[in-house]
Amino acid sequence: MTKPTTTPTHRKKLMRTWPLLTPTVGLLLLWAFVPLAMTLWFSFQRYNLLDPTITGFAGWSNYKFLLESPAFLISIFNELVLVGAVLIITLVLGVAFAVLFDQEFIGRSIARLLVIAPFFVMPTVAALIWKNLLMDPVNGVFAYLARLLGFTPVDWFTHYPMAGVVMIVAWEWVPFATLILLTAMQSLDRQQVEAAKMDGARGPQILRYVILPHLSRPLTIVMMMETIYLLAVFAEIFVTTSGGPGNATTTLTYLIYLRALVSFNVGGASAGGVLAVILANIVALFLIRTVARNVDL
Amino acid sequence: MRASPLQKLIIAILGWGAALLMFFPVAWMVLTSFKTEINAIHSPPLLIFHPTLANYGHVIHLGDYIGALTNSVVISVGATILGLIIGIPAAYAMAFFPNRWTKDLMLWMLSTKMMPAVGVLMPIYLLCQRSGLLDTQTGLILVMMLSNLPIIVWMLYTFFKEIPGDIIEASRMDGAGPLAQLRVVLLPLAGPGIASTALLSIILSWNEAFWSINLTATNAAPLTAFIATFSAPEGLFWAKLSAASTLAVAPILIFGWATQRQLVRGLTFGAVK
């Protein structure tokens with residue numbers, strides 16, 4: 001890298017571009033820092049919208065209360081289960097579909113459109129269609145198939161609520177992984193695959209030693225992007241289980257929502273918000289470093 | 001080494017199997033939307049039935065549905081146009097006149113997208129409440145525009161980067177100022193890229209559910225929030241739910257299919273093309 005020098009023409013360029021950049025940078029500065037600063041401030045306040053008499057500096061008590069409540073640990077656990085399970089399903093199926101749809105077959109382009117369709121279905125629709133039309137224990141398609149095969153239909157949202165939510169969210173995100181990995185597959189060196197075949201490599205070996213190494217960078221990106229979005233899953237839980245039964249599907253995101261807009265506990269919700277931001281930023285840090293290494297700016 | 005006919009057949013069966021399995025929920029939703037409520041909950045599930053358009057008629061005549069559809073269109077298109085107006089000049093400046101801060105600035109913009117919405121739920125809710133923007137189209141347009149602005153700038157940037165700098169330079173030599181360069185040279189050349197960016201922004205805003213549900217009540221609720229009201233037990237009419245859902249999903253699905261190739265770079269911030 002050459003040392004930047006401020007030549008007269010360079011300075012002229014700066015002066016010209018600042019007016020173009022200011023609106024975006026200014027708005028994003030406000031958007032990124034003002035609400036976050038407010039969350040941080042509220043998290044140290046006694047502040048409940050339902051009871052204006054509660055005021056004053058709270059010290060660490062909002063954090064203490066949150067960290068000591070059993071719901072908090074459960075919510076972190078649920079968050080990790082949801083993100084982990086969906087990541088495993090979407091990455092495995094994503095690689096499988098990317099390899100599959102990279103092959104030539106009749107009607108491939110139409111089949112490909114069908115596979116990526118779920119990504120464009122809004123979360124509330126996806127969740128309600130799955131919960132009712134497919135997963136209903138009496139009239140749903142799954143219950144019918146279970147009875148047909150001689151099993152007892154599963155009441156997903158009563159007995160396996162987290163599995164139910166995981167299925168819906170995974171269905172929405174498999175297309176994302178497929179779409180990106182499929183694009184990445186197109187830059188795979190075909191001659192390398194041919195050479196591996198000549199040397200007697202079989203399918204699993206080609207996958208292990210040729211395809212997966214090629215996909216490692218896009219896989220990292222998919223994994224991190226998905227993590228960011230999955231940490232924020234909300235609507236699917238909101239319309240299917242509302243965090244229940246009990247708190248079986250209450251993730252950290254949903255717990256904060258409950259504290260914020262159901263009990264209107266601004267202080268407590270904000271303490272949770274700060275923790276959610278810290279959690280997401282750990283992932284974001286790695287993601288941004290990866291993107292920085294992989295794009296030419 | 002060519003694949004044998006048998007291998008080809010197996011691949012075709014696997015490919016179509018995967019496609020039909022993934023698409024089944026959507027197909028089933030569309031099918032159910034043409035059933036009567038009785039047929040919709042029929043067990044075993046009906047594949048052959050007498051189709052009806054009554055559900056669509058019912059949904060369209062619900063005052064709430066048209067309101068929600070209008071809100072979805074106004075909010076997603078509004079947020080996109082505003083985002084493009086603000087984002088195009090910034091992407092242009094960074095693509096053609098990069099300086100030593102450009103890379104850091106781009107990465108910082110990306111980092112604002114990493115902020116979990118729930119972390120700022122309370123402040124945004126209170127700010128909207130105090131300024132009278134709660135449950136208004138304007139409030140949601142602003143929030144969606146801000147949350148998509150980093151993606152818009154990044155995606156435009158990668159498209160602008162593909163335009164040879166010489167063309168811009170030549171027009172500059174001919175005395176065109178930055179705005180004239182933008183209008184006369186850049187916009188026609190980057191048209192398809194800008195269109196893809198606009199479509200991605202519309203898709204993301206249309207399907208956004210967290211802010212839609214939490215910042216609206218009755219006046220500005222878009223389709224994501226409207227569909228959520230079907231989750232109440234008394235609102236469970238499967239055929240009507242399916243009709244409302246089909247109408248809500250169809251336009252975006254078509255947009256998504258039309259731009260699938262360009263979407264990848266927007267979704268991965270240009271790291272996978």
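Each chain gets a letter, A, B and so on, in the order the sequences are listed, and its residues count up from 1.
- The candidate with the highest count of non-hydrogen atom pairs below 4.5 Å against chain A, out of Leu142(B), Leu146(B), Thr112(B), is Leu146(B).
- The shortest heavy-atom contact between Trp238(B) and Gly140(A) is CH2-N, 4.2 Å.
- Only the side chain of Leu127(B) comes within contact range of chain A, judged by heavy atoms closer than 4.5 Å.
- Of the listed residues Ala209(B), Gly15(B), Ala12(B), the one with more heavy-atom pairs under 4.5 angstrom with chain A than any other is Gly15(B).
- The contact between Tyr92(B) and chain A is made entirely by side chain atoms (from C-beta outward), counting heavy-atom distances below 4.5 Å.
- If you tally non-hydrogen atom pairs under 4.5 Å between each of Thr22(A), Ile116(A), Leu93(A), Leu231(A) and chain B, the highest count goes to Ile116(A).
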Run the side chain to side chain contact (heavy atoms under 4.5 Å, CB included) test on Leu28(A) and Val153(B) for me, step by step, so that the C-alpha distance in whole Å, both residues' side-chain angles and the decisive distance to 0.1 Å come before the verdict.
CA-CA 11 Å; Leu28(A) 283 179; Val153(B) 173; 5.9 Å; no

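- Atoms CD1 and CG, on Ile288(A) and Leu107(B) in that order, are 7.0 Å from each other to the nearest 0.5 Å.
- There is no contact between Ile88(B) and chain A, counting heavy-atom distances below 4.5 Å.
- Using a 4.5 Å cut-off between heavy atoms, Leu204(B) makes no contact with chain A at all.
- Residue Phe210(B) is tested with Tyr254(A), Phe238(A), Phe234(A) for a ring pair (Phe, Tyr, Trp, His ring centres under 6.0 Å); the sole match is Phe234(A).
- In terms of non-hydrogen atom pairs under 4.5 Å with chain B, the most contact-rich of Gly107(A), Ala143(A), Ala269(A) is Gly107(A).
- Contacts of Ala228(B) with chain A are made by both backbone and side-chain atoms, with heavy-atom separations under 4.5 Å.
- Among the candidates Ile256(A), Leu182(A), Val239(A), the residue making the largest number of heavy-atom pairs closer than 4.5 Å to chain B is Val239(A).
- Using a 4.5 Å cut-off between heavy atoms, Leu149(B) contacts chain A through its side chain alone, with no backbone atom that close.
- With a threshold of 4.5 angstrom between heavy atoms, Arg259(A) does not approach chain B through any atom at all.
- The contact between Met29(B) and chain A is made by backbone and side chain atoms together, counting heavy-atom distances below 4.5 Å.
- For the pair Ala19(B) and Ala111(A), the tightest heavy-atom approach, listed with the atom from each and the gap, is CB-O, 3.4 Å.
- Heavy-atom minimum distance, Ala18(B) versus Phe97(A): CB-CE2, 3.6 Å.
- Looking at Leu179(A), the atoms closer than 4.5 Å to chain B (heavy atoms on both sides) sit in the backbone and in the side chain alike.
- Residue Ala232(A) does not touch chain B at all, counting heavy-atom pairs closer than 4.5 Å.
- Only the side chain of Ser270(A) comes within contact range of chain B, with at least one heavy atom under 4.5 Å from a heavy atom of that chain.
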Can you list the steps and then say if Leu21(A) with Met94(B) is a side chain to side chain contact (heavy atoms under 4.5 Å, CB included)?
CA-CA 8 Å; Leu21(A) 279 169; Met94(B) 288 191 287; 3.7 Å; yes

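- With a 4.5 angstrom heavy-atom cutoff, Glu104(A) touches chain B only via backbone atoms.
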Where do Phe23(B) and Leu113(A) land on the side chain to side chain contact (heavy atoms under 4.5 Å, CB included) test, with the steps shown first?
CA-CA 9 Å; Phe23(B) 194 68; Leu113(A) 289 181; over 6 Å; no

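- Contact of Ile227(B) with chain A is made through backbone and side chain together, with heavy-atom distances under 4.5 Å.
- The CE atom of Met122(A) sits 8.5 Å away from the OG atom of Ser212(B) when rounded to the nearest 0.5 Å.
- Between the OG atom in Ser43(A) and the CE atom in Met122(B) there is a gap of 13.0 Å [rounded to 0.5 Å].
- In this structure, the ring pair (Phe, Tyr, Trp, His ring centres under 6.0 Å) partners of Phe142(A), at least two apart in sequence or on a different chain, are Trp130(A).
- Contacts of Ile278(A) with chain B are absent, with no heavy-atom separation under 4.5 Å from either backbone or side chain.
- Comparing Ser242(B), Gly83(B), Pro44(B), Ala244(B) by how many heavy-atom pairs each has under 4.5 Å with chain A, the most go to Pro44(B).
- Nearest heavy-atom pair, Phe120(A) versus Trp257(B), reported as atom, atom and distance to 0.1 Å: CE1-N, 4.3 Å.
- For a residue to count as touching a neighbouring chain, one of its non-hydrogen atoms must lie under 4.5 Å from one of that chain's; by this rule Phe24(B) touches chain A with the side chain only.
- Heavy atoms closer than 4.5 Å to chain A are found nowhere in Ile152(B), neither backbone nor side chain.
- For Ile228(A), the part sitting under 4.5 Å from any heavy atom of chain B is the side chain, from C-beta outward, and nothing else.
- One distance of note links CE of Met22(B) with CH2 of Trp171(A); it measures 7.5 Å at 0.5 Å rounding.
- Across all their heavy atoms, Pro123(B) and Pro35(A) have their closest contact at CG-O, 3.3 Å.
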Stepwise side chain to side chain contact (heavy atoms under 4.5 Å, CB included) test for Ser245(B) and Ile129(A)
CA-CA 8 Å; Ser245(B) 297; Ile129(A) 295 296; 4.2 Å; yes

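- When Val115(A), Val121(A), Thr253(A), Leu261(A) are compared by the number of non-hydrogen pairs under 4.5 Å with chain B, Leu261(A) comes out ahead.
- Ranked by heavy-atom pairs under 4.5 Å with chain B, the list Asn281(A), Asp136(A), Val174(A), Val274(A) is led by Asp136(A).
- Contacts of Ile180(A) with chain B are made by both backbone and side-chain atoms, with heavy-atom separations under 4.5 Å.
- When the candidates Arg147(A), Met224(A), Met225(A) are compared by the number of heavy-atom contacts under 4.5 Å with chain B, Met225(A) comes out ahead.
- In this structure, the portion of Trp108(B) lying under 4.5 Å from any heavy atom of chain A is its side chain and not its backbone.
- Atom OG1 of Thr39(A) and atom CD1 of Ile124(B) lie 8.0 Å apart (nearest 0.5 Å).
- Heavy atoms of Tyr257(A) lying under 4.5 Å from chain B belong to its backbone as well as its side chain.
- The two residues Ile86(B) and Thr24(A) come nearest to each other via the heavy atoms O-OG1, 2.9 Å.
- With a 4.5 Å cut-off on non-hydrogen atoms, Trp31(A) touches chain B through its side chain but not through its backbone.
- Only the side chain of Leu134(A) has a heavy atom closer than 4.5 Å to any heavy atom of chain B.
- Contact annotation for Val25(A): both backbone and side-chain heavy atoms come within less than 4.5 Å of a heavy atom of chain B.
- In this structure, Leu100(A) CG and Leu14(B) CG are separated by 5.5 Å, a value rounded to the nearest 0.5 Å.
- With a threshold of 4.5 angstrom between heavy atoms, Thr32(B) approaches chain A through side-chain atoms but not through N, CA, C or O.
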